[in-house]
Engineer: 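Okay, here's the structure, questions in a sec.
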Amino acid sequence: MRKITITLTVLLTLFACNRWKVSKLNPDLLCHIKPGSSDGGISLVFRDNADILDMTFNLRISDKAIYCADNESKRLLVLSKSGDINRIIGPKSVSTEKNYSEFDFSSIGEITDDKDGNIYVQNKLPKLTGNSEISPSYILIFSKDGKLQETLGQDGLTNSPFYYIDNMFTDDNNRLFVVSRTFESWSLSVFKDKKREYFSVFDKNSFSDSNSSGYNAVIEKIIPFRKSNSAIISVSFYDGTRFKFRKIFRIEIENNSKLKEVTTLPDPKNELFTILEDKYLVFWEVEGKDIRFVIWSFQENILNNLSIDLEEKKSYYDEILSDENGKIYSYSVSREGISIYAWE
């Protein structure tokens, strides 16, 4: 899966130049993470006699740092934007580095941080049964110097674990938003000062109205706003296996209000990617290494069309992602390691 977000500055500059022109952004090599389990490296697992990469790692980028989960070595690497090691959190090691903090992870999932530098890490425990795809997990909160501060479950305590965590976000008030799901429903939890202050569950019956009755509703994505107490939910509707339309809903978290429809999209290619500056919706379409997206206002006006074209080169995996401010990054994985790019 590839992800992309656009900065507001880029959006407005391009909009002022040409409303309809498809503008391409260019990559600049930021840093390279070498392969291997030594300090500063990441363990990449390739199948013998096959060009197949096992996804034993996870990478996230914030305005402050690059977070690289090395699940083969059970470590979390915290890197500067230039690739220097700021902190390693992992099992007991012979490393004498002062920036090494000891902790025994099970399997690292989603990662985010907040404005104070606290690090939120999903720690996935072993699956419930041998055939189950569900791994119970908790969220570990580390200080920026690698000390474990708190463990969060669904209720804010450790009484009940999360299961499938789809994503985690923080807002400008250092609240933690956790989007999780099961086979039948999605949920949104909001935590402040390590206590859960909001919780809501959504399933296919949450989106039934006169225009969508009889269709099967499939939740695709939940994204909170960064500055206002709201969230956006993307839902596709199907007649059997046939796509009919996609609806975007908004919910006001503070008043736990009913869902309000924002727009309806008939084209299945228009998938919601993110919210930009709490003012714009970003939809996207991926065709091979060509990634195109369109930016809409909440008044359903198309503001601009942009694209990113990943280079045709030997890589086992590519992903495009962004930090909390909308700065664009990508990374490519090869046998030589992970190359991370910033896009301008």
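Keep in mind that this is a model prediction, so the values were computed, not measured. FYI, the numbering just counts along the sequence from 1.
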Engineer: For P136, which of P126, S160, P161 qualifies under side-chain contact (heavy atoms from CB on, under 4.5 Å)?
Structural biologist: P161
Engineer: Go through it in stages, so that I can follow the logic: the residues are R292 and S307, the test is side chain to side chain contact (heavy atoms under 4.5 Å, CB included), and I'd like the CA-CA distance, side-chain angles, deciding distance and then a yes or no.
Structural biologist: CA-CA 4 Å; R292 303 176 183 179; S307 70; 4.1 Å; yes
Engineer: In sequence, state the C-alpha distance, the side-chain angles, and the governing distance for F298 and I232, and then conclude on side chain to side chain contact (heavy atoms under 4.5 Å, CB included).
Structural biologist: CA-CA 11 Å; F298 279 93; I232 287 291; 3.9 Å; yes
Engineer: Is a donor from one side chain sitting under 3.5 angstrom from an acceptor on the other, for T56 and E72?
Structural biologist: no
Engineer: Quick one: CD1 on I88 to CD on E102, what's the gap to the nearest 0.5 Å?
Structural biologist: 12.0 Å
Engineer: Please examine the side chains of N86 and L79, heavy atoms only from C-beta on, and report whether any two atoms are closer than 4.5 Å.
Structural biologist: no
Engineer: Only one of T170, T112, D113 passes side-chain contact (heavy atoms from CB on, under 4.5 Å) with S62; say which it is.
Structural biologist: D113
Engineer: Rounded to the nearest 0.5 Å, what separates atom NZ in K221 from atom OG in S234?
Structural biologist: 7.5 Å
Engineer: For the ring pair F237 and F207, is the centre-to-centre distance below 6.0 Å?
Structural biologist: no
Engineer: Nearest 0.5 Å please: distance from the CD1 atom of I42 over to the CG atom of L77.
Structural biologist: 7.0 Å
Engineer: Do R250 and F225 form a cation-pi contact, if we require the NZ or CZ to be under 6.0 Å from the six-membered ring centre and within 45 degrees of the ring's axis?
Structural biologist: yes
Engineer: M168 versus I139: any side-chain heavy-atom pair under 4.5 Å?
Structural biologist: yes
Engineer: Has D278 got a side-chain atom pairing as donor or acceptor with K227's backbone, closer than 3.5 angstrom?
Structural biologist: yes
Engineer: Are the side chains of L188 and I253 in touch, meaning some heavy atoms are under 4.5 Å apart?
Structural biologist: yes
Engineer: Mind checking whether D116 and K144 have side chains closer than 4.5 Å, heavy atoms only?
Structural biologist: no
Engineer: Which other residues end up in the same hydrophobic cluster as V218, if Ile, Leu, Val, Met, Phe, Trp and Tyr are linked when side-chain heavy atoms come under 4.5 Å apart?
Structural biologist: Y238, F243
Engineer: Could you work out, with salt bridge (Lys or Arg N to Asp or Glu O under 4.0 Å) as the rule, every residue matching D114, not counting sequence neighbours?
Structural biologist: none
Engineer: Side-chain heavy atoms nearer than 4.5 Å, only ILVMFWY residues, links allowed to pass through others: does that put L29 and I308 together?
Structural biologist: yes
Engineer: Keeping to residues at least two apart or across chains, list the salt bridge (Lys or Arg N to Asp or Glu O under 4.0 Å) pairs with something in residues 176-199.
Structural biologist: D166-R181, R175-E197
Engineer: More than 12 heavy atoms of other residues, nucleotides or ligands under 6.0 Å from NZ of K81: is that the case?
Structural biologist: yes
Engineer: Would you check if the side chain of D171 reaches a backbone N or O of N173 as a donor-acceptor pair within less than 3.5 Å?
Structural biologist: yes
Engineer: Could you check if a side-chain atom of S189 sits within less than 4.5 angstrom of a side-chain atom of Q154, using non-hydrogen atoms only?
Structural biologist: no
Engineer: Report the hydrophobic cluster partners of I111, with the cluster defined as I, L, V, M, F, W, Y residues connected by side-chain heavy atoms closer than 4.5 angstrom, directly or transitively.
Structural biologist: Y67, L76, V78, I89, F103, F105, I108, I119, V121, L140, F142, L148
Engineer: What orientation do Y317 and Y331 show, parallel under 30°, tilted 30 to 60°, or perpendicular over 60°?
Structural biologist: tilted
Engineer: Step by step, would you call V333 with F57 a side chain to side chain contact (heavy atoms under 4.5 Å, CB included)?
Structural biologist: CA-CA 11 Å; V333 184; F57 66 93; 3.6 Å; yes
Engineer: Using a 3.5 Å distance criterion without hydrogens, assess whether the side chain of S106 forms a donor-acceptor pair with backbone atoms of K124.
Structural biologist: yes
Engineer: Contact between E271 and R246 at the side-chain level, heavy atoms closer than 4.5 Å - yes or no?
Structural biologist: yes
Engineer: Quick one: list whatever passes side chain to side chain donor-acceptor pair (under 3.5 Å) with D84, sequence neighbours left out.
Structural biologist: S82
Engineer: Could you walk me through whether E110 and R60 pass the salt bridge (charged side-chain N to carboxylate O under 4.0 Å, His left out) test, one step at a time?
Structural biologist: CA-CA 8 Å; E110 293 298 319; R60 292 292 179 264; 3.4 Å; yes
Engineer: With a 4.5 Å heavy-atom cut-off, do F177 and I222 have their side chains touching?
Structural biologist: no
Engineer: Which value, rounded to the nearest 0.5 Å, describes the distance between L30 atom CG and Y341 atom OH?
Structural biologist: 10.5 Å
Engineer: If Ile, Leu, Val, Met, Phe, Trp and Tyr residues are connected whenever their side-chain heavy atoms lie under 4.5 Å apart, and connections chain through other members, are Y280 and W343 in the same group?
Structural biologist: yes
Engineer: In Å and rounded to the nearest 0.5 Å, what is the OG to CG distance from S330 to L321?
Structural biologist: 8.0 Å
Engineer: Is atom NZ of K74 surrounded by more than 12 heavy atoms (other residues, nucleotides or ligands) closer than 6.0 Å?
Structural biologist: yes
Engineer: Decide whether I295 and I291 are clustered together by the hydrophobic rule: side chain heavy atoms of Ile, Leu, Val, Met, Phe, Trp, Tyr closer than 4.5 Å, transitively.
Structural biologist: yes
Engineer: Not counting sequence neighbours, which residues clear side chain to side chain donor-acceptor pair (under 3.5 Å) with S187? List them please.
Structural biologist: S180
Engineer: Once rounded to the nearest 0.5 Å, what's the spacing between atom CD1 of I251 and atom OG of S206?
Structural biologist: 9.0 Å
Engineer: Quick one: do L125 and Y138 satisfy side chain to side chain contact (heavy atoms under 4.5 Å, CB included)? Show the steps, please.
Structural biologist: CA-CA 8 Å; L125 305 179; Y138 291 91; 3.9 Å; yes
